[in-house]
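We count residues from 1, following the sequence as given. Side chains are part of it too, since the values below use all heavy atoms of this structure and drop only hydrogens, waters and symmetry mates.
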Amino acid sequence: GAGAYVVWRCAVGLLGSGAGGAEVEMAKRYSEFDALHIALVRAFPHAVAMIPALPRKSLVSRFRPHFLESRRAGLQHFLSCVLLNPEFAASPILKDFVFS
């Protein structure tokens with residue numbers, strides 16, 4: 001329907017948790033990733049080049065399997081990049097995203 005949306009389930013390994021370490025599971029909408037991206041760009045203008053772009057939007061293809069897999073991979077890449085950056089990882093912005 002018109003109000004349908006996709007929820008992305010993500011599992012994030014915590015830094016310093018070791019090989020058998022803890023993971024945090026979360027369920028986020030694309031709009032939440034978009035809000036995180038905007039907040040990171042505003043908070044870290046000197047590091048914009050280190051914040052990857054989010055995968056594209058599509059009104060036509062948004063529920064097609066190929067598009068969904070491409071978007072999932074893009075969101076995973078984005079999340080991995082920001083979590084592996086020590087400056088971003090220490091930010092309350094990213095902590096709120098992961099733990100909310």
With sequence neighbours left out, write down each residue that passes side chain to side chain contact (heavy atoms under 4.5 Å, CB included) with I93, or none if nothing qualifies. L36, A39, L40, A43, S91
Steps toward side-chain contact (heavy atoms from CB on, under 4.5 Å) verdict (M26, F97): CA-CA 9 Å; M26 61 184 120; F97 178 82; 4.0 Å; yes
Co-membership, hydrophobic cluster, residues V82 and I38, 4.5 Å side-chain: no
Y30 side chain to R71 backbone, donor-acceptor under 3.5 Å: no
Check side chain to side chain contact (heavy atoms under 4.5 Å, CB included) between A27 and all other residues, then give those that pass, not counting sequence neighbours. V7, R9
For the pair R56 and F67, evaluate side-chain contact (heavy atoms from CB on, under 4.5 Å) and give the outcome as yes or no after the intermediate values. CA-CA 10 Å; R56 66 181 176 86; F67 176 78; 3.7 Å; yes
Using the salt bridge (Lys or Arg N to Asp or Glu O under 4.0 Å) criterion, which residues pair with E25? Sequence neighbours excluded. none
Applying side chain to side chain contact (heavy atoms under 4.5 Å, CB included), name anything that partners H37, two or more places apart in sequence or on another chain. V41, I51, L54, F78
Scan residues 73-83 for pairs that pass side-chain hydrogen bond (donor to acceptor under 3.5 Å, both in side chains), counting only residues two or more places apart or in two chains. Q76-S80
Restricting to side-chain hydrogen bond (donor to acceptor under 3.5 Å, both in side chains), what partner residues turn up for S100, sequence neighbours left out? K28
Would you give the length of the straight line joining atom CG of L94 to atom CZ of F88, rounded to the nearest 0.5 angstrom? 9.0 Å
Using 4.0 Å as the upper bound for N to carboxylate O, is an ion pair formed by E32 and R29? no
With sequence neighbours left out, the residues meeting side chain to side chain contact (heavy atoms under 4.5 Å, CB included) with H46 are F44, E87
